[in-house]
Protein chains: 2
Amino acid sequence: MPRVGLKLNQIIQTAADIADRQGAEAVTMAAIARELSVRPPSLFNHVKGFAQVKRELTLYGVKKLHESMQVASNGMIGDEAIFALANSYLQFTREHPGLYEFTIALPQPRDEEIDQEGNKVINLLIEALRSYQLSEENALHAVRGFRSILHGFSSLEQKGGFGMPLKKDDSLNLVIKSFLIGLKQMN
Amino acid sequence: MPRVGLKLNQIIQTAADIADRQGAEAVTMAAIARELSVRPPSLFNHVKGFAQVKRELTLYGVKKLHESMQVASNGMIGDEAIFALANSYLQFTREHPGLYEFTIALPQPRDEEIDQEGNKVINLLIEALRSYQLSEENALHAVRGFRSILHGFSSLEQKGGFGMPLKKDDSLNLVIKSFLIGLKQMN
DNA sequence: TTATTTTAACTAATGGTATTAGTTTTTGCA
DNA sequence: TGCAAAAACTAATACCATTAGTTAAAATAA
C-alpha cells in the first residue's frame, strides 16, 4: 500500500471533474475514491465527510465564478460591463455545469466564507450598475433582478428547459437589453 | 398483513408532502414507505422504481403549477395578466418548495407528457405577452426571458440566495416592470 | 543511522439506500 | 365455494457514507 499523497485540493479537483463530466449527482465519496485509486475510508483522513466535500466544492465554484467574471469585466463600465459579466457567467455555467450546481447550492446553515465570496460576485454587479444612478434601494432590487435573470437562464438552459430551436444567446441578450432599458427609466 | 390499498396517487401525494415538508432530497422510497406504514418493496407493486416516482412528481408539479397560473390569470390580458402569472408562480414555489424542485428537474431523455404540460405553462406566458405585438421570434425570446426571471428569482429565494433584508416582492416587481418597459420599446 | 512518532493508507463492520426474487395472504370474481 | 390476480410480505444483493481498529510508510528526533 504505497502512499498516494492525497491533498484536500486534489480531492476537490477530482470531485469537480466528476461533477462536470458526469453530473453533480454522480459526485460520491465512492466515485472520488475510485478516481483516485484509493479506498473510500482513506478520504476521511483528509476530509470530515461528504458534507465537507460539498461545502468545499461550493466555495471552489463561487471563487472560480467570481474570478472569471472579474477578469471578463475588468476595466469596463456600464452596459459593456454588464454584458461582459453576463457572458462570462453563462460561459462558466456551460463549461462547468456540475460545479455550477454546487455553486448555487448554499449550505444550511449559512457559511461565512462562502457568503463572503458570494458577496464579491454581487459587488461586481453593483459596480456595473453604478452608472445607472439608481437609488441605493433600487440598486439592490436591480442586482436581485439581474442575478435572477442570469441564474434562471443558466438553470433552464442546463435542465434542457428551452425546447425551441432558437439561438439561446439571442434570448439572453434580449432579456438583458430590455431589463436595462427599463432600468434607465426607473428614477 | 392487512391490505393497505395503495394507489399510485397516494404514493405521489405522500412523496410531494415529504418534499414540501422535509425537502426534495428527503424523498426516498424508504421515507414514502415509512409514511404509508408499508415496507419499501411493497411500493414496487405500484411503481416501477424511484425513477418513476420522480417522473410522476415532476408531472404532478407541472400540472399543479399550470392550474394555479391558469386560474390566477383567467380573463386578464397584458400587464395585469403578466403580474398575475408572476405572483401565482411565486406563490406556488413558496407553498410547494419541494415539489417545485421536481417541477424543474426535467427527466433525461425528454418525456412527452411532461413536455406537453410544460408547453401549457409557456402558452399562458405567450398569451399574456400577445398585447406587446412582438414579432414571433421576439415573443419566444421574451418568454424565455420571463421564465428565466421567474425561475431564477424563485430558485435564489429558496436557496437563501437573497441575503439583504429587503422586501423580496418589491424586487420581483421591479425586475418585471423594467423588463416590460424594455419590451415595449423592442419593435 | 537508528528509533520513535505521526500520518495515511488499509480491512472489517454498521446502518442506510434501491431493488429483485420468491412467498404468503387477501381480495374479487367465476 | 374455489381460484386467480393483486398486493402485501421476508430475504437477499449491491450500492452508499461512515466509524473503528490495524498496519505500513514517512517524517522527525535522538
Side-chain angles (χ1 to χ4, degrees), chain A residues 1-60 98-99 101-102 105-109 111, chain B residues 1-60 98-99 101-102 105-109 111:
Chain A
M1 43 199 90
R3 288 275 171 119
V4 176
L6 291 182
K7 295 271 166 57
L8 176 63
N9 246 340
Q10 292 177 15
I11 293 176
I12 302 306
Q13 276 292 340
T14 303
D17 283 356
I18 294 171
D20 286 339
R21 282 189 283 112
Q22 302 167 238
E25 76 293 340
V27 176
T28 63
M29 294 298 264
I32 298 170
R34 260 193 303 274
E35 193 85 10
L36 291 168
S37 305
V38 141
R39 304 297 175 134
S42 303
L43 298 176
F44 287 77
N45 285 316
H46 309 274
V47 159
K48 274 196 224 307
F50 189 45
Q52 195 198 342
V53 171
K54 290 189 279 189
R55 187 260 179 194
E56 301 294 337
L57 227 28
T58 301
L59 182 59
Y60 174 64
L99 183 55
E101 281 201 43
F102 287 97
L106 301 183
Q108 297 284 6
D111 183 296
Chain B
M1 43 201 91
R3 289 276 170 115
V4 176
L6 291 182
K7 296 271 165 59
L8 175 64
N9 246 340
Q10 292 178 14
I11 293 176
I12 303 307
Q13 276 291 340
T14 303
D17 283 357
I18 293 171
D20 285 339
R21 281 188 284 113
Q22 302 166 238
E25 76 293 341
V27 176
T28 64
M29 295 299 264
I32 298 171
R34 261 193 302 275
E35 192 85 11
L36 291 168
S37 305
V38 140
R39 304 298 175 135
S42 304
L43 298 176
F44 287 77
N45 284 317
H46 309 273
V47 159
K48 274 196 224 309
F50 190 44
Q52 195 198 341
V53 171
K54 290 188 279 190
R55 187 262 179 194
E56 300 296 335
L57 227 29
T58 301
L59 181 59
Y60 174 64
L99 183 55
E101 281 201 42
F102 287 97
L106 301 183
Q108 298 282 7
D111 182 297

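Just so we're on the same page: letters track the sequence lines, and every chain starts at 1.
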What's the [atom1]-[atom2] distance between [X] and [N], to the nearest Å?
| X | N | atom1 | atom2 | answer |
| --- | --- | --- | --- | --- |
| A:Gln52 | D:dT18 | CD | P | 11 Å |
| A:Arg34 | D:dA17 | CZ | C1' | 13 Å |
| A:Lys7 | C:dT7 | NZ | P | 14 Å |
| B:Ile11 | D:dA8 | CD1 | C1' | 12 Å |
| B:Arg39 | C:dT17 | CZ | P | 13 Å |
| A:Leu43 | C:dT7 | CG | P | 18 Å |
| B:His46 | D:dA5 | NE2 | C1' | 13 Å |

Quick one: which of [options] gets closest to the side chain of [X]?
| X | options | result |
| --- | --- | --- |
| B:Val38 | D:dA8, C:dC10, C:dA9 | D:dA8 |
| B:Phe44 | D:dC9, D:dA17, C:dA18 | C:dA18 |
| B:Ser42 | D:dC9, D:dT19, C:dA18 | D:dC9 |

Side-chain donor-acceptor contacts of residues 16-30 of chain B below 3.5 Å, not counting sequence neighbours, with atom names and distances?
{"unit_1": "B:Asp20", "atom_1": "OD1", "unit_2": "B:Gly98", "atom_2": "N", "d": "2.9"}
{"unit_1": "B:Asp20", "atom_1": "OD1", "unit_2": "B:Leu99", "atom_2": "N", "d": "2.9"}
{"unit_1": "B:Asp20", "atom_1": "OD2", "unit_2": "B:His96", "atom_2": "ND1", "d": "2.9"}
{"unit_1": "B:Arg21", "atom_1": "NH2", "unit_2": "B:Glu35", "atom_2": "OE2", "d": "3.2"}
{"unit_1": "B:Thr28", "atom_1": "OG1", "unit_2": "B:Ala31", "atom_2": "N", "d": "2.9"}

Per the under-4.0 Å heavy-atom filter, residues of residues 17-33 of chain A near DNA chain D come out as A:Thr28, A:Met29, A:Ala30

Rounded to the nearest 0.5 Å, what separates atom CD in B:Glu101 from atom OG1 in B:Thr58? 11.0 Å

Inter-residue atom distance A:Lys54.NZ - A:Leu59.CG, 0.5 Å rounding: 15.5 Å

When A:Ile32, A:Thr14, A:Leu8 are each screened for side chain to side chain contact (heavy atoms under 4.5 Å, CB included) with A:Leu43, the one that passes is A:Ile32

Which atom of B:Gln52 lies closest to which atom of B:Lys48, heavy atoms considered: OE1-N, 2.7 Å

Shortest non-hydrogen contact from B:Val53 to B:Ala15? CG1-CB, 4.3 Å

Are A:Asp111 and A:Leu106 side-chain neighbours, meaning at least one heavy-atom pair lies under 4.5 Å? no

Side chain of B:Asn45, base of D:dA8: donor and acceptor closer than 3.5 Å? yes

